[in-house]
Peer 1: 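Questions regarding the structure given below will be posed in turn.
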Number of protein chains: 2
Amino acid sequence: MGDTPDGTTSVPEPSLDEQIAVYQREFQDLDPQVEKVVSALSRLNRRMNVAYGRQTAALGISNAEWEVLKALVISGAPYRMGPSELAKQLGLTPAAMTHRIDRMTAEGLVTRERDESNRVRVIVELTDEGRSKWLDAMRAATIFEEDLLQDLSTAERGVLGDMLTRLLDRVEDLQSPS
Amino acid sequence: MGDTPDGTTSVPEPSLDEQIAVYQREFQDLDPQVEKVVSALSRLNRRMNVAYGRQTAALGISNAEWEVLKALVISGAPYRMGPSELAKQLGLTPAAMTHRIDRMTAEGLVTRERDESNRVRVIVELTDEGRSKWLDAMRAATIFEEDLLQDLSTAERGVLGDMLTRLLDRVEDLQSPS
DNA sequence: ACTGAAGACTTCATACCTAAAGTTCGACGC
DNA sequence: GCGTCGAACTTTAGGTATGAAGTCTTCAGT
């Protein structure tokens, strides 16, 4: 029907609703309402990560490095954490954390030193430059985020935040059924 | 104060609200409502990917392979696509797509052949085994997804889907300002 | 037809992640 | 005190991604 002359069909990318319609044909038991929520979540996150990646690249750091800066700032002054603590929060293996800290130390974003009171431990600390990069990235991010939510009223933002928080609580229950 | 005896402080992971409270101290211009939405989105997606990863691993495929199967099924019968088309939808480089198709071909999930009508093109086609794996993964995924949304009423699910779709439209506008 | 430009995929070099083994230090029992 | 266990981090090996260069096919101009 609406195909292009050659075989490519040019597929710019199927819209969410088109995608769900096909899924329903292929898989009868599908709840389209549920599928819409999870597919939108997944797509949205991919796009947002692309956007963040562009912003951090413009500042000369990677998205991965920004995650580390964020975790350190969130820990509060004096902005110090151990590698394994960082790894846990970022969902990385300790090995990956070691390498990432290597790179960030070389770039002057953090320092690494042994804890003198317990020499098994290592302390990663944010440098002034690291804090400054975090601030720059944060400024860019908040502009983007405000722009992203522009079409939602204050009330809607509140409702959305609540619902997402509830989903988050739920998924944490499912994963650690204490 | 509330610290554990040793130095670890055990940081199970800061709650969303704790995290935002620190952010506000460190960065005055932050809108906590906006931050709550984007942080919840990000965390939620990470958890969901972990859950999907467990399920697909149990079926003997990776999350990455499942993404390819999904794209092929969504394209509709006869479940054929070109590598670059797939790469675009999955957000990969063509090179990564080549390797992924290599692996999946070796595992019997898809076949790869040259398009005889245009010998520059390659056609990736879902095998019966690939379709069967997709179905298995889909069954597991829908159970998880239904479980995840369990606490939301039908009306809430609809509202959530609408809001996420609007955000998705917005982010697509921001990225391709046609 | 022949040549050059553009497109589709692959290959190569490099980067970063995971899993598992290795190293070093601190804690506990004898 | 001394030896063993366990914890925290690092190192190594292997897999999968990216970016750039290479190969092959098609299309358009002459």
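First the proteins, then the strands, lettered A, B, ... as listed; each starts at 1.
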Peer 1: Identify whether any heavy atom of P94(A) sits under 4.0 Å from a base atom; if not, whether one sits that close to sugar-phosphate; answer base, sugar-phosphate or nothing.
Peer 2: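 Answer is base: heavy atoms of P94(A) come under 4.0 Å of a base.
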Peer 1: Under the ring pair (Phe, Tyr, Trp, His ring centres under 6.0 Å) rule, collect the residues that match up with F144(A), sequence neighbours excluded.
Peer 2: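 With sequence neighbours excluded, F144(A) shows a ring pair (Phe, Tyr, Trp, His ring centres under 6.0 Å) to Y52(A), given in chain and number order.
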Peer 1: Round to a whole Å and report the spacing from CG of N118(B) to C1' of dA8(C).
Peer 2: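 These atoms are roughly 9 Å apart.
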Peer 1: When you get a sec, tell me which of dA7(D), dC9(C), dT18(D) is the closest nucleotide to the side chain of S84(B)?
Peer 2: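 Closest nucleotide to the S84(B) side chain: dC9(C).
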Peer 1: Nearest to the side chain of T93(A), which nucleotide is it out of dT18(C), dG26(C), dG19(D)?
Peer 2: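 Among dT18(C), dG26(C), dG19(D), the one nearest the side chain of T93(A) is dT18(C).
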Peer 1: Between dA17(D) atom P and E67(B) atom CD, what is the distance in whole Å?
Peer 2: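 About 11 Å, once rounded to whole Å.
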Peer 1: Under 4.0 Å, heavy atom to any atom of DNA chain D: which of residues 98-117 of chain A qualify?
Peer 2: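 Of all residues in residues 98-117 of chain A, the ones placing a heavy atom under 4.0 Å from DNA chain D are T98(A), H99(A), R112(A).
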Peer 1: Between R100(A) and E65(A), is there a side-chain N and carboxylate O pair less than 4.0 Å apart?
Peer 2: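 E65(A) and R100(A): not salt-bridged.
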Peer 1: Using a strict 4.0 Å threshold on nitrogen-to-oxygen distance, state whether R131(A) and E26(B) make a salt bridge.
Peer 2: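 Yes.
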Peer 1: Any Lys/Arg nitrogen of E85(B) or K88(B) sitting under 4.0 Å from an Asp/Glu carboxylate oxygen of the other?
Peer 2: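 Salt bridge absent between E85(B) and K88(B).
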Peer 1: From CG of L92(B) over to P of dA8(C), roughly how many Å is that when rounded to an integer?
Peer 2: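 L92(B) atom CG is separated from dA8(C) atom P by 17 Å.
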Peer 1: Quick one: on DNA chain C, does V120(A) or A64(A) contact a more 5' nucleotide (nearest heavy atom)?
Peer 2: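 Closest to the 5' end, via its nearest nucleotide, is A64(A).
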Peer 1: Applying the side chain to side chain contact (heavy atoms under 4.5 Å, CB included) criterion to W134(B), which one of L109(B), I61(B), L126(B), V73(B) satisfies it?
Peer 2: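 So the option named by the test is V73(B).
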Peer 1: In terms of side-chain geometry, is the basic nitrogen of E145(A) or R139(A) positioned less than 4.0 Å from the acidic oxygen of its partner?
Peer 2: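 Salt bridge between E145(A) and R139(A), a charged N being under 4.0 Å from a carboxylate O: no.
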Peer 1: Which whole-number value in Å describes the distance from M81(B) CE to dA8(C) C1'?
Peer 2: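 Atom CE in M81(B) sits about 15 Å away from atom C1' in dA8(C).
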Peer 1: Quick one: R119(A) CZ to dT24(C) P, roughly how many Å, whole number?
Peer 2: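 Nearest whole value for this atom pair: 12 Å.
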Peer 1: Whole angstroms only, please: what is the CG-C1' distance between L86(B) and dA8(C)?
Peer 2: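 These atoms are roughly 13 Å apart.
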Peer 1: Side chain of R121(B) only, please: which of dC25(C), dT12(D), dA8(C) is the nearest?
Peer 2: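 Nearest listed nucleotide: dA8(C).
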Peer 1: Side chains of S75(A) and R80(A): closer than 4.5 Å at any heavy-atom pair?
Peer 2: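 No, side chains not in contact.
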Peer 1: Which of the following nucleotides, dT12(D), dC25(C), dG7(C), is nearest to the side chain of A95(A)?
Peer 2: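 Closest of the options to the side chain of A95(A): dT12(D).
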